[in-house]
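Take a look at the structure set out below.
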There are 2 protein chains.
Amino acid sequence: MGVTIKDVAKEAKVSIATVSYVINNKGNVTDETQEKVLKAVKKLGYQPNLSARNLVGQKSNLIGVLIPNWGNADRLSESSHDNFNFDNPFYGNILNSIETLSTKEGYSILLIGSTITADKVKNVILQRDLDGLIIIGALPKLIDNLSEIKIPIVLIDSYTKQEEFYKVGIDDEYGGYIATKHLLDLGHKEIGLISGELIEDGVDMERFKGYKKALLERNLPIKEENICNVGVSMEGGYYGIEKLLKQNQQLTAIFSTADIMSMGIYKKLNELKYKIPEDISIVSFDNFPYTEFLHPSLSTVSQSVFLKGRRATELLIDLIAGDRVDKQTLTLPIKLIKRDSVKRL
Amino acid sequence: MGVTIKDVAKEAKVSIATVSYVINNKGNVTDETQEKVLKAVKKLGYQPNLSARNLVGQKSNLIGVLIPNWGNADRLSESSHDNFNFDNPFYGNILNSIETLSTKEGYSILLIGSTITADKVKNVILQRDLDGLIIIGALPKLIDNLSEIKIPIVLIDSYTKQEEFYKVGIDDEYGGYIATKHLLDLGHKEIGLISGELIEDGVDMERFKGYKKALLERNLPIKEENICNVGVSMEGGYYGIEKLLKQNQQLTAIFSTADIMSMGIYKKLNELKYKIPEDISIVSFDNFPYTEFLHPSLSTVSQSVFLKGRRATELLIDLIAGDRVDKQTLTLPIKLIKRDSVKRL
DNA sequence: TTGAAAGCGCTAACAC
DNA sequence: GTGTTAGCGCTTTCAA
């Protein structure tokens, strides 16, 4: 242990209580003593020990960020690192957003990844005495396990109905709807869907609902051979489009529920000598920066990952501060960005 | 505060010392008492408070991960989120790698981003009593500030000569060399370089050295008009290639020191109706998963971000454990991946 | 084999 | 306005 409050007290020739008062701006301290203490603090390079502070019942000023489905389950094996499903920039982006505001507000981020099991999350919360938790893309099993926890929890991209959680997200069903409708408006009728696994309360399920809604609105059938559920990765898109193309040669357009999959779709179509959008149109979801840099640039539903992180953090910090927060669920705006991957039929 | 050791002691009808012995596997405890205690622990859902543990001089089991140049400095402004320079997947990937092993070894990750100033890093280390620190792409100023810190520090991608730090990286000069040599071997002579800012002890500087070395070996001049330093981002590449093309119409090839910039280069070349590799060849650096999915697929120097994170974490954990570590600097292998973005002249 | 008690660094109630 | 002190939850020495 380094410099403690005792050392400062000795140096400034005051009691440790006085030092505590000064560094916490509490109690009435003379300007003179204040200055003495501050000088000692500076001279010794004193930094209060947060463990000790935490122990006397203060906040930990620690926010946990949990990313349950980050990377592959088997990534602990070194030999598998070539398949490391690392590529979705979403997680890095949102982490950056969360960390930035948290730091500004005096919180530190405890990063909790996906190897941790649902019941161990609770342990970490208890052990580290987290002030709050943000969960990105929470799975139902995880959430069930956490409902008895008494710290504020904000869920990003979850559609759970459990009322004890605050939520930040977008209207994924609407996103799926406008993406599909865009295709329909341009005359497409045989529209394939490539999405991640349809998990209960997950975003892909909602985007799928939007897809169905748009088709049903035009009295178009939902054909099973037009739908393919894959991993949310480039590989997923790569193999998904191949499968779909085999199952239905009439396909003129694809709605891909994630940009990362669209990368793989592009590659496969290139290999197959399909031209985008001449032979097949694509609408995607996310509007990651790189979509503009693809050739042709990708039409996609735009969401702000930055704002998702920012709003979730704001909400959590308010909750920690005990500020009454009126809305349990915050839905951020999205819009369709029309670029060059779609043609009129 | 929740369940404490006292509660467990009461429940098990033993002293708190005995509980402590049991949960730490210390002292000699009868199987019988052990069982009593364990049962009480389970019944009450007890989790030891790490702050308290830490206070009695134990390890904090916290590893800091510092990402100094993550995103834009001005990203605190909401209006700037469209420019959010978020897109380099490198940081998310390496974080994932570090977090995975750390968790497995019983450490938690404290994420420290780029808004934090150099002197504040020291405060966090002291306040949270970090057991160790990993710094990704450390700037000299930051490192100078940290040299007096007594916890183990592992630097990823830094070429500082300061001996108190352990380092994990690749041979960036060699990478720049083989990339450029590949181009030279195929007959290219006018080779442009698009790289990030040439910062002291940084990777771009080394890759640039490799570029120079390869050219000099063939008695080719290093032309200033062939070199462009930009931000390591898609935009950087986008504007960099435009500038280079204007400055020298004879260019037949580009060495881009980061895949993320190559994305921008592809876009600009597409807009300009340059064909890759027919009109211009490109060799890049990183081998991010998406490079294989670009069209044409990108020839690039491959490094394992996964291993960088993994080895750095292993090293740090050994250091924390007090295990003598022989090598101060670990250099991981790289190799050139030849794909379709380069043609023989 | 188990327990009592000191003490880690700090805050806050209370006394002066 | 400043100091004394109890106590946060835990580990560990020492005694029994």
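Order of the sequence lines sets the chain letters (A, B, ...), proteins ahead of strands, with each chain counted from 1. Quick caveat: nothing in here was measured; it's all calculated off a predicted structure.
- Under 4.0 angstrom from either OP1 or OP2 of C/dT2 there lies at least one side-chain N or O belonging to B/T30.
- Relative to the side chain of B/S15, the nucleotides C/dA4, C/dT11, D/dG9 differ in distance, and C/dA4 lies closest.
- If you take NZ of A/K59 and P of C/dA12, they are 13 Å apart, rounded to a whole angstrom.
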- Might you work through the salt bridge (Lys or Arg N to Asp or Glu O under 4.0 Å) test for A/K39 and A/E11, ending with a clear yes or no? CA-CA 9 Å; A/K39 207 188 294 183; A/E11 172 72 27; over 6 Å; no

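- When each of C/dT2, C/dC10, C/dA12 is scored by its nearest atom to the side-chain atoms of B/T33, the top-ranked nucleotide is C/dT2.
- Residue A/I5 contributes atom CD1, which lies 14 Å from atom P of D/dT4 at whole-angstrom precision.
- The interatomic distance linking A/E35 (CD) with D/dT2 (P) rounds to 13 Å, in whole Å.
- The phosphate of D/dT2 has neither OP1 nor OP2 within less than 4.0 Å of any side-chain N or O from A/N28.
- Under 4.0 angstrom from either OP1 or OP2 of C/dT11 there lies at least one side-chain N or O belonging to A/S20.
- Close to C/dG3, at under 4.0 Å from its OP1 or OP2, lies a side-chain N or O of B/T18.
- In this structure, the nucleotide among D/dT11, C/dT11, D/dG1 sitting nearest to the side chain of B/I16 is D/dT11.
- Atom pair B/Q127:CD and C/dC10:P shows a separation of 10 Å (rounding to whole Å applied).
- Of all non-hydrogen atoms in A/T117 and A/D119, the two that sit nearest each other are OG1-OD1, 2.9 Å.
- Contact annotation: A/K26 reaches the phosphate of C/dA12 (side-chain N/O to OP1 or OP2, under 4.0 Å).
- Rounded to whole Å, the distance from CG on B/N25 to C1' on C/dT1 is 16 Å.
- Checked against D/dG3, D/dG7, D/dT13, the side chain of B/Y21 finds its nearest nucleotide in D/dT13.
- Distances were taken from every side-chain heavy atom of B/A17 (C-beta onward) to each of D/dG1, C/dA12, D/dT12; the shortest belongs to D/dT12.
- To the nearest angstrom, C1' of D/dT11 lies 12 Å from CG of A/L55.
- For the pair A/N49 and C/dC8, the criterion of a side-chain N or O lying under 4.0 Å from OP1 or OP2 is not met.
- Using modelled atom types, one side-chain atom of A/S102 and one backbone atom of A/I98 make a donor-acceptor pair closer than 3.5 Å.
- Within the structure, a side-chain polar atom (N or O) of B/Q58 is placed less than 4.0 Å from OP1 or OP2 of D/dT12.
- When the options A/L55, A/I151, A/D131 are evaluated for a side chain to side chain contact (heavy atoms under 4.5 Å, CB included) with A/S60, the one that passes is A/D131.
- The minimum heavy-atom distance linking B/F165 with B/Q328 is given by the pair O-NE2, 3.0 Å.
- Going from atom CG of A/N54 over to atom C1' of D/dC10 covers 13 Å, rounded to whole Å.
- Side-chain N/O atoms of A/K6 include one lying less than 4.0 angstrom from OP1 or OP2 on C/dC8.
- Of the side-chain N and O atoms in B/S51, none sit less than 4.0 angstrom from OP1 or OP2 of D/dC10.
- Across A/N145, A/I199, A/T160, a single residue satisfies side chain to side chain contact (heavy atoms under 4.5 Å, CB included) together with A/L139, and that is A/I199.
- When rounded to the nearest whole Å, the span between CG of B/N24 and P of D/dT13 equals 13 Å.
- Here A/R53 reaches the OP1 or OP2 of C/dT11: one of its side-chain N or O atoms lies under 4.0 Å away.
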